[in-house]
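Heads up: the structure comes next, in structure tokens.
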Amino acid sequence: MPSVMDERLDTRRRELAAFLRSRRERLSPEDVGLPPGFRRRTPGLRREEVALLAGVGSTWYTWLEQGRDVRPSAEVLSTIATALRLDPAERRHLFLSSNRPAPEVRRSGPEVVPEPILRMLDSMAGQPAYVLGRRWDILAWNRAAVAVFGDYGRLEGDARNIMHMIFADEEHRRKVADWDVLAPASLAMFRADSVRYAADPDFERLIEVLSAKSAEFRAWWPKHDVRRPLGGVKRIDHPKAERMAFEYTRLAVVDPPDMTLVVYTPLADEQTAAKLARLIEACA
């Protein structure tokens, strides 16, 4: 009797087969630089033409489209995706349907926050929020974030980086009531993120800077502790409002995928919502 896992694999293979057929049938020989040949009974490319373009055996590709138990490598899936002219969303679907992790495309260069995200930030009047980039640089923020954490617009370069603020900014460190707990946890989450950018010079330079400026960072980084990004509670000792308590949540931005939205929701503790409202009004 088939197991649940076997049934799931069969379903995935059928999904993969149907997806490949649908992508093949939407292409014409002219689309991929092949001669049109004789009149075709069905629309799209033939299986042997896709196999030729992908550099795989025609029989093997036919088995793949028939939903048989063949297991293409990541390299072969990439060649098939190129042959079928798949866009990024289709390419990811191809890999997931094949029970393979989709290859991640690491971006470089300036990071631009999409306009819809900026408008959403502005609309969050009662919740401090900001957008982090791939290196945890603060790319955008709202007025509530300025009221609680300070004006990020006055910071430049590494100074506007969350890890730099945690480990090398004494004023910010004094604001974080539970620094001894949050700092090592943040470092472990940062390390888990940074592995995707191994050998990236911007990351390596930041790590060198933090190692030089912070004894704690210098001691903890070699431990190689990692943890997946989580939410939690952050208590802030504000110079004007005194103790405030927030629940923070990290939300991944789908496009571009290297950004994260971090939102702080005031908790009932310490009359945080009322204090936040007064701070925002004072900043107006």
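Under a 3.5 Å cut-off, the side chain of D178 and the backbone N or O of V181 do not form any donor-acceptor pair. Side chain of D158 to main chain of V209: no donor-acceptor pair is present (N/O by atom type, distance under 3.5 Å, no hydrogens or angles). Between the N142 side chain and the A129 main chain, a donor and an acceptor come within less than 3.5 Å of each other. Looking only at distances, no side-chain donor or acceptor of H172 sits under 3.5 Å from a matching main-chain atom of G150. Proximity of a side-chain donor or acceptor of K275 to a complementary backbone N or O of A241 within less than 3.5 Å is detected. Listed for the S211 side chain is no donor-acceptor partner under 3.5 Å among the backbone atoms of R218. Distance alone, capped at 3.5 Å, is enough to place a donor-acceptor pair between the T79 side chain and the V76 backbone. Of the possible polar contacts, none joining the Q127 side chain to the M124 backbone as a donor-acceptor pair under 3.5 Å is found. For R135 (side chain) and D202 (main-chain N/O), a donor-acceptor pair under 3.5 Å exists by modelled atom type.
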D69 and R71: CA distance, side-chain angles, deciding distance, salt bridge (Lys or Arg N to Asp or Glu O under 4.0 Å) verdict: CA-CA 7 Å; D69 185 11; R71 303 178 185 183; 3.3 Å; yes
Step-by-step salt bridge (Lys or Arg N to Asp or Glu O under 4.0 Å) determination, E25 to R47: CA-CA 10 Å; E25 290 170 356; R47 287 171 176 165; over 6 Å; no
Stepwise salt bridge (Lys or Arg N to Asp or Glu O under 4.0 Å) test for R100 and E75: CA-CA 11 Å; R100 295 277 185 185; E75 292 76 12; over 6 Å; no
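Side-chain polar atoms of S194 and R191 form no donor-acceptor pair below 3.5 angstrom. Side chains of T265 and E247: no donor on one and acceptor on the other come within 3.5 Å. No side-chain donor-acceptor contact under 3.5 Å links Y152 and D137.
F95 approaches L77 most closely through the heavy-atom pair CZ-CB, 3.7 Å. Of all heavy-atom pairs between L279 and K240, the closest is CD2-CB, 4.3 Å. The minimum heavy-atom distance between A185 and R227, with the atom names listed, is CB-NH1, 3.1 Å. When every heavy atom of A54 is checked against every heavy atom of A83, the shortest pair comes out as N-CB, 4.0 Å. Contact between Y248 and V233 at its shortest, heavy atoms only, is CE2-N, 3.7 Å. Across all non-hydrogen atoms, the minimal contact from R91 to T82 is NH2-OG1, 3.5 Å.
Salt-bridge check for K223 with E216: failed, with every basic side-chain N at 4.0 Å or more from each acidic carboxylate O. The pair D269-R243 does not meet the salt-bridge criterion, since no charged nitrogen lies less than 4.0 angstrom from a carboxylate oxygen. With salt bridges taken as basic N to acidic carboxylate O contacts below 4.0 Å, one links E65 and R24.
In this structure, V56 is not a member of the same hydrophobic cluster as L52, with clusters built from ILVMFWY side-chain heavy atoms closer than 4.5 Å. With hydrophobic clusters built from ILVMFWY side chains whose heavy atoms lie under 4.5 angstrom apart, V131 does not share a cluster with W136. The cluster map of Ile, Leu, Val, Met, Phe, Trp and Tyr, joined by side-chain heavy atoms under 4.5 Å apart, puts L251 and L118 in the same cluster. Hydrophobic clustering, with ILVMFWY side chains joined whenever heavy atoms are under 4.5 angstrom apart, groups L53 together with Y61. I162 and M189 fall within the same hydrophobic cluster, where Ile, Leu, Val, Met, Phe, Trp and Tyr residues are linked whenever their side-chain heavy atoms come under 4.5 Å apart, directly or through other members.
Between W221 and F167, the distance separating the two ring centers is not shorter than 6.0 angstrom.
Classification of the Y264-Y130 ring pair by plane angle, with boundaries at 30° and 60°, yields tilted.
Heavy atoms of other residues, nucleotides or ligands lying less than 6.0 angstrom from CH2 of W60 number more than 12. Taking a 6.0 Å sphere around CZ of R92, one finds it holds 12 or fewer heavy atoms contributed by other residues, nucleotides or ligands.
Rounding to the nearest 0.5 Å places CG of D193 at 7.5 Å from CZ of F203.
Figure legend: cation-pi geometry between R154 and W141 absent, as NZ or CZ is not positioned both under 6.0 Å from the six-membered ring centre and within 45° of its axis.
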